[in-house]
Structures are given as structure tokens and as C-alpha cells.
Amino acid sequence: MDPRLEGEFIAVVNAGSSSIKLSMFSLHDDRERGPLRLELRAQVEGLGTSAPHFEAAHADGSRAGSRDWPVGAALTHEGALDHLVEFVTHEFPGIEMLGVGHRVVHGGTAFESPVVVTPAVLAQLEALIPLAPLHQPHNLAPVRRAFAALPGLPQVACFDTAFHRGQSDVADAFALPYALFEAGVRRYGFHGLSYEYIASRLPALSPRLADGRTVVLHLGNGASACALHRGRSIASSMGFTALDGLPMGTRSGAVDPGVLIYLMDEQRMDARELETLLYKQSGLLGLSGVSSDMRQLLASDAPRARFAVDVFVHRVAREIGALAAEMGGLDGLVFTAGIGEHAAEIRRRVLSRCLWLGVSVQEAANRDGPAERRISTVDSRCEAWVIPTDEELMMARHTFRLLAGEQP
């Protein structure tokens, strides 16, 4: 690392529809731990609700700060961002910044790797808003704010779609008129930063999986699955939008398009009503009528809560089979994200559906153990792992490499 960079910071911003997350990484010339050291994680959540909340923690997990706004406070994304900037400025007075990395959900076909944001690039990313209308505007808002407030500060866009851009046209295509494929109606895949991080950890944890065929299950409020062959994305459950594939907290996952025609004809639903139905009223919440939170569903005795969990497990197991077929076999499974990392019962039930692949769960390891751990028995032909994801670190790495003059 250039010694002139030591002591500077990289900020990583992940702005969503209801929250803004900010992570701060300091730069150090440390050959063993790498050049990036996490110093702080902070987030404001509950934006658009009646109870917004701020929480910040140091790298060791100790609380750095918290705040609750009055019930009914209409905290905007701009207000949340202002609070985060004020807090970081107070925590790190006189801070020197190398740059800011931003999570941007959609990079379309033009962006296959992270890129330094210029006004021209920003205009290209804004043109992609119709492909991710519920995510892209929030992702880009902090970029515009930083341009206005700190015009000389470099910014890097890190894309959730970029990791999947190496997939074949055959894997990307819908069976629609080819002109639509050429116009950009194709499978893009998402959660790419998470999958890229998992791929980066496999060589150290399981060289067999790093060089083999692995299905990674990113199971959280947003859920998807990805087939990795030698660390590269071969296929993903998500498609044109982050709505496709597995059922999620409030998103439907894959739906027969004929259902939408039926709802338009028989229920007289328009595009905006369908959008609300599919993005906010479906998934675990719609099936259960109880909650979008898997923890609450697993603790509930309500029949529909159990039904929602059954549907989720069924769809995950089915997707594993499809992706295994895509690769011509399977050497391992990785569980990550909120449900994947913390819901032992979901992992157990999914793995019980995968006995035909040669995987057997080691019950004690599945229930408890270090954050990164193998949970399959030693004689399993197919390995199973829990590996916590770290999309923020992945973005910090991309930002550092790009701004330090290295290739991402």
C-alpha cells in the first residue's frame, strides 16, 4: 500500500428503501490483516415508519451510539444521512477520506465491475432506475448529496449485478422475442456483493468448494441462491428484478406471469397495485398473515405461520436441485445472510431435503459453533457450511483497489 494512504478512511454506504447503513474502514499497512480495518458500523432503520431508530457500534461490537426519534416522526432519507454524517464527524474529528463506496443494486449490462462515479456515470445509473425502481433511487441519493457537499471526494459504485455478468446468454435469456433480450430484458441476478464475498472466503475454508461446484444460499429478508463454479457465478435464482426466485420477507418470488394477467382482468389491479402486492404484501408475510420475520414464524403456533415456513423450505430445496442440475452436480452448500446464518431449524430442514445430494447435517455444529463452520458430517459427499457474509467489506475492498490504482 502507498504509505501516503495510511491513516485515511473509506466510508461504505448502503442506502435502501427503509434504512441507511454506513461503515467506516481505516487504512493500515498490515500484511497479515490486510489494508482495511473496520472501525465503525452505523445505521438508521425504520425510515418511512412511525419509529425510526439509529444504532452504531465499534468493531468489537461495543455500542458507539443510539437514538430514537419521537413516535410519528417523519424522518426522511436526507435527515437520516445528515445524522449519520454528523455522528461520524463527531466520532472521527479531522478525518481524512480516501473515498466513499456505494452499494448500487443495478448496473445493467454496461457495468461489469465497480466504477468511479462521474456525472456521466451517474446519468447512466439514473437511466437504470426503471429496472430497479424501489432500490436504485435510494442507492443514488447519497451519491448526489456527496457530489454537492464534497465535490472533490472520489466515489465508487459497487454493483449487486456485476458478479453475475459472466453468466452465459443462455442462462440470462427469457423465452421472449429476441428484440426484448437485446433491449435489456434479461436475467441480471442480484446479491452479487454477498456472493463475491463468500467466493473470496472459500479458498481458506474449503479449497474443494473453491475449485468445485457450490450453491450459496443468501437467505434473509431478501433471499436468493447462486451457483458458483470455481468461484464464478454460473446461474442465480433472481432474474430481471430482485423480485424473482425464492419467497422473501414481503416479496413473492417467482410467480406465473399468467397470475398477473388474471389479477389485472379479474381484480382490476393496475401496475402500482401489483407492485405493492408483489413487493410488500407477499412472501412470508402474505402467506402467514403473521410476520415477515422468520424468527417470529418459527416461534408461532399459527397454522399459516407453519405453512409459510414449509413453503419457504420447499422452494429453497427446489432451487438447490435446479442449480445443481445447472452445474452437473454439487460439491457443497453455503448458508449466509440473516436466516441462513442464524436459523438452525431452517438449515436442518433444508438439508434434510438434500440427502439425495449426499449431504448429512452434523446436528451439534448446525445448532452452535464459530461463525464460520462446516455443519455437514465428515463422511458427507456434499459439504455444508455456514459463512457470514460481509457486503460492506467487499465494497470497501473494491473502493480501495480502484482508488489506489489497482484493478477491482
Side-chain angles (χ1 to χ4, degrees), residues 1-2 4-16 19-28 34-44 47 54 56-57 59 64 77-107 111 113-126 128 135-162 192-193 196-197 390-408:
M1 184 178 76
D2 187 334
R4 291 173 296 179
L5 300 179
E6 190 166 359
E8 291 192 297
F9 280 72
I10 286 174
V12 169
V13 179
N14 184 348
S19 68
I20 300 179
K21 299 177 182 178
L22 175 66
S23 298
M24 299 296 298
F25 293 84
S26 60
L27 303 185
H28 297 268
L36 296 165
R37 185 179 303 168
L38 176 68
E39 301 290 349
L40 182 80
R41 293 188 194 272
Q43 68 173 349
V44 179
L47 299 177
F54 164 75
H77 281 72
E78 291 76 12
L81 190 60
D82 288 343
H83 179 76
L84 287 168
V85 170
E86 181 182 345
F87 180 82
V88 168
T89 303
H90 180 268
E91 284 288 302
F92 304 102
I95 188 173
E96 294 185 30
M97 295 290 298
L98 177 64
V100 182
H102 298 268
R103 181 190 180 198
V104 178
V105 165
H106 222 302
F111 298 103
S113 60
V115 63
V116 175
V117 183
T118 64
V121 167
L122 181 58
Q124 287 179 275
L125 298 179
E126 288 174 333
L128 296 173
H135 296 87
Q136 198 89 342
H138 297 300
N139 299 159
L140 299 180
V143 180
R144 288 192 294 270
R145 289 289 298 279
F147 268 142
L150 300 166
L153 182 66
Q155 300 187 76
V156 173
C158 304
F159 303 101
D160 252 355
T161 52
L193 292 163
E196 188 176 11
Y197 176 79
D390 197 335
E391 295 162 298
E392 284 74 22
L393 177 58
M394 203 70 241
M395 288 189 281
R397 288 174 178 171
H398 284 311
T399 302
F400 170 73
R401 290 168 183 164
L402 202 56
L403 298 184
E406 301 178 18
Q407 290 298 313

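The basis for the numbers below is simple: all heavy atoms, side chains too, and nothing from hydrogens, waters or symmetry mates. Just so you know, residue 1 is the first one in the sequence shown, and it goes up from there.
A 4.5 Å side-chain heavy-atom check between V117 and H102 finds every atom pair outside the cut-off. For the pair L27 and L36, the minimum side-chain heavy-atom distance is below 4.5 Å. Side-chain contact between L22 and F87: absent, with no pair of heavy atoms (C-beta onward) separated by less than 4.5 Å. Inter-residue side-chain proximity for E196 and H398 is flagged as met; some heavy-atom pair is nearer than 4.5 Å. When side chains are defined from C-beta on, T89 does not count as touching E86, because their heavy atoms never get closer than 4.5 Å.
Between E392 and R41 a salt bridge is recorded (basic side-chain N to carboxylate O distance below 4.0 Å). Under 4.0 Å is where a charged nitrogen must lie from a carboxylate oxygen, and between E391 and K21 no such pair does.
Pairing each heavy atom of F159 with each of G107, the nearest pair is CD2-CA, 3.5 Å. Shortest non-hydrogen contact noted between L393 and Y197 is CD2-CE1, 4.0 Å. Between L403 and P154, the closest heavy-atom pair is CD2-CB, 3.7 Å. Here the closest non-hydrogen pair linking S23 and L38 is CB-CD1, 4.3 Å. The shortest non-hydrogen separation linking I20 to L84 is CG2-CD1, 3.6 Å. What you find for L125 and A157 is that their closest heavy atoms are CD1-CB, 4.2 Å.
Relative orientation of the H138 and H77 rings is parallel, given thresholds of 30° and 60° on the angle between their planes.
Between the side chain of N139 and the backbone N or O of V105, at least one donor-acceptor pair lies under 3.5 Å. A donor-acceptor pair under 3.5 Å is absent between the side-chain atoms of Q136 and the main chain of L128, judged by distance alone. When atom types are taken as modelled, the side chain of T161 and the backbone of H106 share no donor-acceptor pair closer than 3.5 angstrom. Checked by atom type and distance alone, the side chain of Q155 pairs as donor or acceptor with a backbone atom of V143 at under 3.5 Å.
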TODO: Show the numbers, then the answer: is there a side chain to side chain contact (heavy atoms under 4.5 Å, CB included) between D160 and H135?
DONE: CA-CA 11 Å; D160 252 355; H135 296 87; over 6 Å; no
Open item on the list: Show, in sequence, the C-alpha distance, side-chain angles and deciding distance for V116 and V121, and conclude whether the side chain to side chain contact (heavy atoms under 4.5 Å, CB included) test is met.
Closed with: CA-CA 8 Å; V116 175; V121 167; over 6 Å; no
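In this structure, F25 has its ring center no closer than 6.0 Å to that of F400.
Judged by distance alone, the side chains of S26 and E39 do bring a donor and an acceptor atom under 3.5 Å apart.
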